[in-house]
There are 2 protein chains.
Amino acid sequence: MATVSIKEVAARAGVSPGTVSNVLNRPAKVAPGTRERVRRAIHELGFVRHGSASTLRAGHSRTVGLSVIDIGNPFFTEIAAGVEEMASERGYAVILGNSAGSRTKEERNLRVLAEQRVRGVLITPSDQDLARLDRLRERGISVVLVDHPGHRPDQCAVAVDDVAGGRAAVAHLLAGGARHVAYVTGPLTIRQCAERRQGALAALEAAGLDPDRLEIVETAAMTARAGERAAGDLLRDGLPEAIFCANDLLALGVLRTLLQAGVRVPDDVALMGYDDIDFAAASAVSLSSMRQPTHQLGRTATELLLDECDNPGTHAHQHIMFQAELVARESTR
Amino acid sequence: MATVSIKEVAARAGVSPGTVSNVLNRPAKVAPGTRERVRRAIHELGFVRHGSASTLRAGHSRTVGLSVIDIGNPFFTEIAAGVEEMASERGYAVILGNSAGSRTKEERNLRVLAEQRVRGVLITPSDQDLARLDRLRERGISVVLVDHPGHRPDQCAVAVDDVAGGRAAVAHLLAGGARHVAYVTGPLTIRQCAERRQGALAALEAAGLDPDRLEIVETAAMTARAGERAAGDLLRDGLPEAIFCANDLLALGVLRTLLQAGVRVPDDVALMGYDDIDFAAASAVSLSSMRQPTHQLGRTATELLLDECDNPGTHAHQHIMFQAELVARESTR
DNA sequence: CGGAGAAGGTAAAACGTTCTACTGGTGAGG
DNA sequence: CCTCACCAGTAGAACGTTTTACCTTCTCCG
């Protein structure tokens, strides 16, 4: 209640409000003695700057928005952690929006972000139609795409190379001696699933094998339960020598079902996941996987965004593509 | 850039800015015809209210702060999802802070929240010293404790009964025929760990067993790796008939080590976790666990907070205690 | 017919900062 | 001695809303 303003600080330090503002924002402009006096007054009165007043007058805030598809998925959570870390280092606050896969919810979130006059928005787009992001940019809100290649030159984007990741995964399985490989995947309308498949095909071709021999098992969701069902299908129709799953949750489900059926992993079937979530290393047979630099993804995206905000003149838009890293564990040994 | 203000809307609709404000905040006060005219103008101009100006003048914002200990832990992530959902329904934005277990980082986050003049703060406190929260309240910022019993009558709190949870878990193990039980736990300075242990002891007493027979294995962290080490100790010193772990990550580590050593679960040793994270059901032997209503925890805490903000007169502070639910799976069958 | 009260609206003063233009004062260069 | 530049700081006008006090009309009722 007893909210203390810059004026009271000024009065106590015997200066004008403008000088207090300078101490806060451009300390070098103020003589050392005065600066100290003001700082002491701030401390004694417990003054906290009113962010809204500052935003209103200065024309920009010290907040960024983060809109993700599913905050419950460890992949996005780690991105969020990276974003929060970098933003916090730079003195920015993060406003979180969870679109839960719903386009209308995403739009509502973007609207709230626009009202809050965030400096910029980090978004993992819920679909391929990015036109609504232009309306944000028209308002002077920078946008950085996360986990999306970002085909346009007028915006930054940060992603992981899913084609290369899929290729590396399947190449690893082939190097282990497998010739017949199955790909257990979520809906191929999901960009990540489709690109990892493309990589898998490339790996087969590079090894001089017929790409048509890649057996595709497409599931409705990317969950452990869906993986169990997919493994059931494979058991019925005849097992391949190796299975590549589009994410670790699918792989965990496959693994569980195979083990229960008495199939030995990796002796009978080699298995790879994707994402390298924490639990991949903790499963009964530890799971080989493709590690993505999620934390780094969040940090870098935030860095690009803040650079775009702070140096609008010199900022060059970038599309940064990270590489996934193969982590070999028992399931492919 | 072309930021359109309430004045331009007013001009286009042929009314005063005050009327536009009324349409926005108290539509009932405006004649239907005028209201429609203003709404159309808003739509045509693409007007978006300037949240900061609104906050500045009205004296309160439409944002709440959320400070959690570890955004990477699924337990907190699910809470965050619940918070975001409820806040979004009520038109509030959520500002996220991750304290990462560091007290100084938590304080920095709270400071940022104070600057943003959030309406209230939801916090899973990083330690037991809650004095710093009083300073927020002095500023008129409501505080609700999350996953903390909240012993004080002047604030709301939402938690899950860890004593009862620990009791139920061990009672379940005893009902399965075990007499010698081990408790694998993180640091007992963590409130949750200590209270679950207390519940475990109560269950032993209730069954007429000597509480001293509860073998305590305390680890430095609550991770799968720590669980592996703890299981190693147990294998060396002699296995109990049942193991209760303070969380699922520990339990997954224990499970993995036991299976590798050829121990059959649950035939040789029964095993229980806590939290019922998604992966509990997906492990090689599916894991029995205590399910906590995390999503609900987040929703309820937010509801209490917004109630406190919106009805400061009639609001009664509450301490809500949820109960954990036993989920029996293969590991205790 | 007079007055009270409601309905629908307006004008203008806040809210707490930041920023621009300005004022003295001081020292260096010509 | 004059000018110019610079330093340190000030006064006061913004920024875009909300809110208060106030002004007209109308309607209703005794």
Side-chain angles (χ1 to χ4, degrees), chain A residues 1-39 41-42 45-63 91 112 114-119 139-140, chain B residues 1-39 41-42 45-63 91 112 114-119 139-140:
Chain A
M1 285 293 101
T3 170
V4 28
S5 87
I6 216 175
K7 255 180 228 171
E8 301 165 56
V9 173
R12 172 175 268 244
V15 296
S16 76
T19 300
V20 177
S21 176
N22 278 334
V23 171
L24 256 29
N25 302 306
R26 283 172 299 277
K29 292 264 163 220
V30 179
T34 323
R35 200 193 303 153
E36 261 326 294
R37 214 153 15 99
V38 171
R39 290 230 168 100
I42 287 177
L45 295 174
F47 165 79
V48 174
R49 184 207 342 243
H50 196 307
S52 294
S54 170
T55 296
L56 173 58
R57 173 61 238 224
H60 56 255
S61 68
R62 290 188 79 71
T63 57
V112 170
E115 275 205 9
Q116 296 301 323
R117 294 300 197 270
V118 292
R119 198 73 186 274
R139 293 215 157 75
Chain B
M1 287 293 101
T3 170
V4 28
S5 85
I6 216 175
K7 257 180 226 171
E8 301 165 55
V9 173
R12 172 174 266 245
V15 296
S16 76
T19 299
V20 178
S21 175
N22 278 334
V23 171
L24 256 29
N25 303 304
R26 285 174 297 277
K29 293 264 163 219
V30 179
T34 322
R35 200 192 302 152
E36 262 327 294
R37 213 152 17 100
V38 171
R39 291 232 167 99
I42 287 177
L45 294 174
F47 166 79
V48 174
R49 187 215 330 252
H50 196 307
S52 293
S54 168
T55 296
L56 174 58
R57 172 62 237 223
H60 56 256
S61 68
R62 290 187 80 73
T63 57
V112 169
E115 276 205 10
Q116 296 300 322
R117 294 301 197 270
V118 292
R119 198 73 186 275
R139 292 214 158 75

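Just so it is clear: chains get the letters A, B, ... in the order the sequence lines come, proteins before strands, and each one is counted from 1.
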Please tabulate, one pair per line, each protein N/O and nucleotide N/O from nucleotides 7-13 of chain C that are separated by under 3.5 Å, including the distance.
| from | atom 1 | to | atom 2 | distance (Å) |
| --- | --- | --- | --- | --- |
| C:dG9 | OP1 | B:Thr34 | OG1 | 2.3 |
| C:dG9 | OP2 | B:Ala31 | N | 3.0 |
| C:dG9 | OP2 | B:Thr34 | OG1 | 3.3 |
| C:dT10 | OP1 | B:Ser16 | N | 3.3 |
| C:dT10 | OP2 | B:Ser16 | N | 2.9 |
| C:dT10 | OP2 | B:Ser16 | OG | 2.9 |
| C:dT10 | OP2 | B:Thr19 | OG1 | 2.6 |

Notebook entry, point to check: Within a strict 4.5 Å, meaning less than it, do heavy atoms of the A:Arg39 and A:Val30 side chains meet?
Noted result: no
Checklist line | Separation of D:dT17 C1' from A:His50 NE2 (nearest whole Å) | finding: 12 Å
Item checked: Which nucleotide in C:dT18, C:dT17, D:dT17 has an atom nearest any side-chain atom of A:Lys7 -> C:dT17
Notebook entry, point to check: Counting just side-chain N and O atoms, does B:Ser54 come under 4.0 Å of either OP1 or OP2 of D:dT17?
Noted result: no
Next item on the list: Find the distance A:Ile42:CD1 to C:dG16:P and express it as a whole number of Å.
Entry: 16 Å
Item checked: For A:Lys7, all residues meeting side chain to side chain contact (heavy atoms under 4.5 Å, CB included), sequence neighbours excluded -> A:Ser5, A:Pro17
Check: At under 4.0 Å between heavy atoms, what does A:Arg26 touch on the DNA or RNA strands: base, sugar-phosphate, or nothing?
Finding: sugar-phosphate
Next item on the list: Would you mind reading off the distance between A:His60 atom NE2 and D:dC15 atom P, rounded to a whole angstrom?
Entry: 16 Å
Margin query: Side chain of A:Thr3 only, heavy atoms from C-beta on: which candidate in C:dG16, C:dT18, D:dT18 is closest?
Written below: C:dG16
Notebook entry, point to check: Is B:Arg49 near enough to D:dT18 that one of its side-chain N or O atoms lies under 4.0 angstrom from OP1 or OP2?
Noted result: yes
Margin query: To the closest 0.5 Å, what do you measure between CZ (B:Arg117) and CZ (B:Arg139)?
Written below: 7.0 Å
Notebook entry, point to check: Can you name the nearest heavy-atom pair linking B:Ser16 to B:Ala10, along with the distance?
Noted result: C-CB, 3.7 Å
Next item on the list: Nearest whole angstrom, please: distance from the C1' of C:dT17 to the CG of A:Leu24.
Entry: 10 Å
Check: So, is B:Ser5 close to the D:dG16 phosphate, meaning a side-chain N or O under 4.0 Å from OP1 or OP2?
Finding: no
Note to self: Counting C-beta onward and ignoring hydrogens, is there a side-chain heavy-atom pair between A:Arg49 and A:Asn25 closer than 4.5 Å?
What the structure shows: yes
Check: Which pair of heavy atoms, one from A:Leu45 and one from A:Glu8, lies closest together, and at what distance?
Finding: CD1-O, 3.8 Å
Next item on the list: Kindly point out which of D:dT19, D:dC15, C:dT17 is positioned nearest to the side chain of A:Leu56?
Entry: D:dC15
Checklist line | Spacing between A:Ile6 atom CD1 and D:dA11 atom P, to the nearest angstrom | finding: 14 Å
Notebook entry, point to check: Would you say the side chain of A:Gln116 lies within less than 4.5 Å of the side chain of A:Thr55, judging by non-hydrogen atoms?
Noted result: no
